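Scroll down for the structure; my scribbles are underneath it.
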Amino acid sequence: MTLSPTERSTVRRGSHRARTDRDALHRLLDDALICHLGVVVDGAPRVLPTCFGRHGDTLYLHGSTGARSLREAPRTQVCATVTHLDGIVYARSLMHHSVNYRSAVVHGEARQVTDEDERLLALRVISEQLAPGSWQHARQPDRRELAKTAVLALDLTEAAVKVRATGPNDDPEDVSAGTAWAGVLPLRTAWGDPEPSPDLSPPLPVPPHVRDRKRPE
């Protein structure tokens, strides 16, 4: 399926970098661990980093019921963004330095999730996005914890995807001059060695879902 751009989700600047494949949106979101949720509070924009998870064409987000942004978000227009930085582009001209990236911008009306089954689904999806394997390994939320947790749903119908994955775009005269190095310095993300909590008792082995976790591609 393809993305169906609206007036506000149409990529205009650098439109040749837009991606219209809905699968590209799904892959980009699934590779991310954090998104930024933009909400208008008291007439001013507020953008906050938050954990999220995707289930089909729904983006789930959660946080404390005491968070003003999450209380204001339901039934209002919000914006959620995800960006992967893949490399720094070094050009012969400073004005042509850039970055290689993959980004998604999702617009829509946030919906507060109140159905208990959907709330548990959303929290499982968010947990498995951030820490795969943890939903079955760790204690699941109890009623007290659920009462303190707000869950929002955002439909992925209105979204834009933009990708830059090329080298420098220098002017011909700078290329001919040959006075500066140009190219791309890739950025890679890797997990380190697990660090057990100092109060872990009895000393338990690192579970496979933590020990064997791979770098997001």
Side-chain angles (χ1 to χ4, degrees), residues 1-40 45-61 77-108 110 125-126 128-130 132 154-192 213-217:
M1 295 178 62
T2 60
L3 297 174
S4 301
T6 64
E7 178 66 22
R8 62 182 175 180
S9 68
T10 298
V11 177
R12 293 181 173 82
R13 179 68 176 172
S15 59
H16 63 286
R17 296 189 178 124
R19 299 292 186 270
T20 59
D21 184 357
R22 184 161 291 275
D23 285 341
L25 171 66
H26 291 170
R27 288 193 302 270
L28 194 154
L29 294 174
D30 293 348
D31 283 346
L33 301 176
I34 294 291
C35 77
H36 285 80
L37 177 67
V39 183
V40 175
R46 185 174 296 183
V47 181
L48 298 171
T50 182
C51 299
F52 74 99
R54 181 187 70 86
H55 182 71
D57 270 322
T58 300
L59 199 69
Y60 287 113
L61 310 100
Q77 293 294 316
V78 302
C79 180
T81 63
V82 166
T83 301
H84 297 272
L85 179 61
D86 294 325
I88 306 299
V89 180
Y90 290 81
R92 297 164 181 86
S93 164
L94 286 173
M95 293 304 294
H96 284 303
H97 276 52
S98 187
V99 295
N100 281 341
Y101 62 89
R102 293 161 288 146
S103 66
V105 179
V106 182
H107 301 275
V125 167
I126 295 169
E128 290 300 293
Q129 175 105 356
L130 181 67
L154 182 60
D155 193 277
L156 293 177
T157 298
E158 190 177 4
V161 174
K162 193 175 178 182
V163 176
R164 189 192 196 282
T166 60
N169 183 27
D170 278 309
D171 296 326
E173 55 269 28
D174 289 324
V175 176
S176 298
T179 57
W181 184 88
V184 176
L185 181 62
L187 177 63
R188 303 284 186 254
T189 302
W191 301 109
R213 188 166 184 182
K214 303 301 183 183
R215 175 182 64 83
E217 294 297 334

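Just so it is clear, the values below take in all heavy atoms, side chains as well, and ignore hydrogens, waters and symmetry mates. Here, residue 1 is the first one in the sequence, and each next residue gets the next number. Computed from a predicted model, the values in this text were never measured in an experiment.
- Using a 4.5 Å cut-off on side-chain heavy atoms (C-beta onward), D86 and L187 make no contact.
- To the nearest 0.5 Å, atom OG1 of residue T157 and atom NE2 of residue H107 are 13.0 Å apart.
- Residues L29 and A104 share a closest heavy-atom pair of CD2-CB, 4.5 Å.
- The number of heavy atoms from other shown groups lying within 6.0 Å of CD (E173) is above 12.
- Under 4.0 Å is where a charged nitrogen must lie from a carboxylate oxygen, and between R12 and E7 at least one such pair does.
- Annotation for I126 and L61: closest pair CD1-C, 3.9 Å, computed over non-hydrogen atoms.
- Residues C51 and Q129 are not in side-chain contact: their nearest non-hydrogen atoms beyond the backbone lie 4.5 Å or more apart.
- Interatomic distance, T166 OG1 to R17 CZ, rounded to the nearest 0.5 Å: 5.5 Å.
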- Could you go through the side-chain contact (heavy atoms from CB on, under 4.5 Å) check for R19 and R27 one step at a time? CA-CA 12 Å; R19 299 292 186 270; R27 288 193 302 270; over 6 Å; no
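- A donor-acceptor pair under 3.5 Å is absent between the side-chain atoms of D174 and the main chain of R92, judged by distance alone.
- For the residue pair A159 and L25, the shortest heavy atom distance occurs at CB-CD2, 3.8 Å.
- Distance CG/L48 to CD1/I34: 11.5 Å, rounded to 0.5 Å.
- Listed for the H96 side chain is a donor-acceptor partner under 3.5 Å among the backbone atoms of N169.
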- Task: Give the C-alpha distance, both sets of side-chain angles, the deciding distance and a yes or no for side-chain contact (heavy atoms from CB on, under 4.5 Å) between F52 and L37.
- Result: CA-CA 10 Å; F52 74 99; L37 177 67; over 6 Å; no
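- Going from atom OG1 of T10 over to atom CD of E158 covers 9.0 Å, rounded to the nearest 0.5 Å.
- The closest side-chain heavy-atom distance from C79 to V105 is below 4.5 Å.
- The distance from atom NE2 of H16 to atom NZ of K162, rounded to the nearest 0.5 Å, is 8.0 Å.
- With a 6.0 Å radius and a threshold of 12 heavy atoms from other residues, nucleotides or ligands, H26 has its NE2 atom above the threshold.
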- Kindly indicate, with the supporting measurements, whether the criterion side-chain contact (heavy atoms from CB on, under 4.5 Å) is fulfilled by T50 and C35. CA-CA 6 Å; T50 182; C35 77; 3.7 Å; yes
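- Across P186 and V184, no two heavy atoms sit closer than the pair CD-O, 3.3 Å.
- The two residues D170 and S93 make their nearest non-hydrogen contact at OD1-N, 3.4 Å.
- With contacts defined as side-chain heavy-atom distances shorter than 4.5 Å, the pair T81/S103 does not qualify.
- Taking the side chain as every heavy atom from C-beta outward, Y101 and H84 never approach each other to under 4.5 Å.
- In this structure, the side chains of V89 and R164 come closer than 4.5 Å at one or more pairs of heavy atoms.
- Here the shortest heavy-atom pairing between A80 and L154 reads CB-CD2, 3.9 Å.
- Within the model, atoms CG of L156 and CZ of R54 stand 7.5 Å from one another, a figure rounded to the nearest 0.5 Å.
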